[in-house]
Amino acid sequence: MARSNDEVAALLQEYADLISITGGDAFKARVYEKAARSVGGHHADVATLDLKGLQQIPNVGRSIAQKVLEYFDHGSVSAVEELRAKIPAGVRRLTAIPTLGPKKALTVYEELGISSVEELADAIHEERLRDLKGFGPKTEENILHGISLLQSSGGRVHIDLAMGLADDIVAELSAVPGCLRCGYAGSLRRMRETIGDIDILAAATEPAPIMRAFTELPYVTEVIGTGEKKTSVRTSKGLNVDLRVVPPDSWGAALQYFTGSKAHNIRTRELAVHQKLKLSEYGLFDVESGKKIVSETEEEVYARLGLPWIPPTLREDRGEIEDGLHGELPDLVTEADLRGDLHSHTDLTDGLAPLEEMVEAAAARGWTYYAITDHGPDMAMQRMTDERMLAQRERVRELDGTYATRGRRGGLRLLHGVELNIGPDGEVDWPGEFLAGFDLCVASVHSHFTQGREALTRRIVRACENPYVNIIGHPTTRIIGKRPGIDADLDAIFAACARTGTALEINAHPDRLDLRDEDILRAGRHGVKFAVDSDAHAVPHLANMRYGIGTAQRGRLTRDDVINTWPERRLRGFLRKGRQTER
DNA sequence: GCCGTTTTCGGCCCGACTGTTTTCAGTCG
């Protein structure tokens, strides 16, 4: 199921952890971490590369390349096995406990033979940690607290929950007197699909009132740490929030720094070092004189490093630094570029709102076209029939008549579509004669997720080859945190989409975000077009488009790649696909 | 262990906070 790149990345990361735990060279550990990231994000399948090809991957040299080959030849790597033999897997798991890192993990293992979270908890209750150097009563307390958090927390949360909380905190803190600027940074600003914790940044000359207001927010359940510049809290939403308050003239450097990612920051700091500069959250400084050069805006910081401003959604060290240096950053699609939504539901099937309300909401968003795509009859529980679908079409045409001429910019055009079900053999709900009556067809997999890889692949490819299928909806069918994506040959599907003129959906619902960013990058190399769709089942879902756009940006898409940014005429041309009989 | 427009050897991102320390190590982001 996992791509071989992910397997190798996990192995290299494990080796890096084991090196840290055994007190090995810290620089060596870091190289393996960097190599793990590079391999995980590399576009080509590492299983297909030879020694030379592997060494083309950044941070992979001869030694690591040979280990990768050894892994594919023998299924294991002797150097990793040696360390595994020395350090039980449970010791590595100890480092997942907050406040307990590799050094303390090794200490408790060497001194007390502790190699599992349970044993560690027991040892603390039996007061056996007391005599260890560097361990005091507070350390014991922190570890116990960390263990309970580890066992109870589900880890990362979906982006919409984090965004809601962050928007609220930013609004609250912005209202504190003396707060000159406030915003969120971190993985939320980078629009990652899940969020581990929220980073809030504020600018003020006097931090104390902002810190106080922050710790007094109603959903703060615990203050983890608080200082003059930084405060960390836990919230009743299950999310930790960090607040940093910086002097106003450091805003740009601080925002750049706290937006990350860590890997991106390491690269920007290295660029600084090579120019005898030092980059920190307080600014870009000349190393020799210690004088500050720039710090007020992100643009200035990047510019002084020789880079254009890099959109936060690209800051993952996936080539954006190199592209920036060469002036080759993509001109990313934005939410403002969207002209409409091509996948939505009404209460005719499993939506909550009537057609009229959904259309009114779409018009209020200023869109120039909007597609209604309720489920076809193969989703049996939705009780769709030919008659009901044709009746809806008639009503859509009527509404189209009234909305098309409203407003200044030509109003809103309505498209009547359907979300077809891709059956086990790639068949869909209706024959071609009936499908020809729709303005567009989305087709999605909703069942039989565990068919073999070949069958799943063939099934979706066959749907692409249907001349009436325009968009493959939520292509991998994953539900974040609940259901993995189907095990299909995505490259074969992407190639079929490109060949047949079928778009891939980027489903903007925060539970799905399907395709995900890595898959978009792969699909993009096949020359596929995309549709960023809300898949709205209710009026508020239309606002989820921001997450779909964030994901599209992380996949480096431009306006030209996304068919629902196109003018209506060009879109309709695309939707005609290979149909012979159309006007 | 990787890497190179100061380098094939000698560097390798930077700072805040905590707890256990009498000046600093560990952890985190």
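Order of the sequence lines fixes the chain letters, A, B, ..., with proteins taken first and strands second; residue numbering starts at 1 for each chain.
For the C1' atom pair drawn from dT8(B) and dC2(B), the interatomic distance equals 12 Å after rounding to whole Å.
Between Y257(A) and dA16(B) there is no side-chain polar atom (N or O) within less than 4.0 angstrom of OP1 or OP2. Taking side-chain N and O atoms only, K28(A) has a distance below 4.0 Å to OP1 or OP2 of dG1(B).
Within the nucleic acid shown, K34(A) has no heavy atom closer than 4.0 Å to any nucleic acid atom. Using a 4.0 Å heavy-atom distance criterion, K278(A) is classed as a sugar-phosphate-only contact. Heavy atoms of Y32(A) sit under 4.0 angstrom from primed sugar atoms or phosphate atoms, though from no base atom. Looking at heavy-atom distances under 4.0 Å, T226(A) makes contact with sugar-phosphate atoms alone, never a base.
Looking at heavy atoms from C-beta onward, I549(A) lies out of side-chain contact with D337(A) at the 4.5 angstrom threshold.
Between the NZ atom of K230(A) and the P atom of dG29(B) there is a distance of 7 Å, rounded to whole Å. The distance from atom CG of L279(A) to atom P of dG29(B) is 20 Å, rounded to the nearest whole Å. Here the P atom of nucleotide dG1(B) and the CG atom of L83(A) are 11 Å apart, to the nearest Å.
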Run R192(A) and I159(A) through side chain to side chain contact (heavy atoms under 4.5 Å, CB included) and show every step you take.
CA-CA 7 Å; R192(A) 279 196 57 179; I159(A) 190 171; over 6 Å; no

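Base pairing analysis places dT8(B) opposite nothing; no Watson-Crick or G-U wobble pair with both distances below 3.5 Å involves it.
When the nearest nucleotides of DNA chain B are assigned to V273(A) and R62(A) by heavy-atom distance, the more 5′-ward of the two goes with R62(A).
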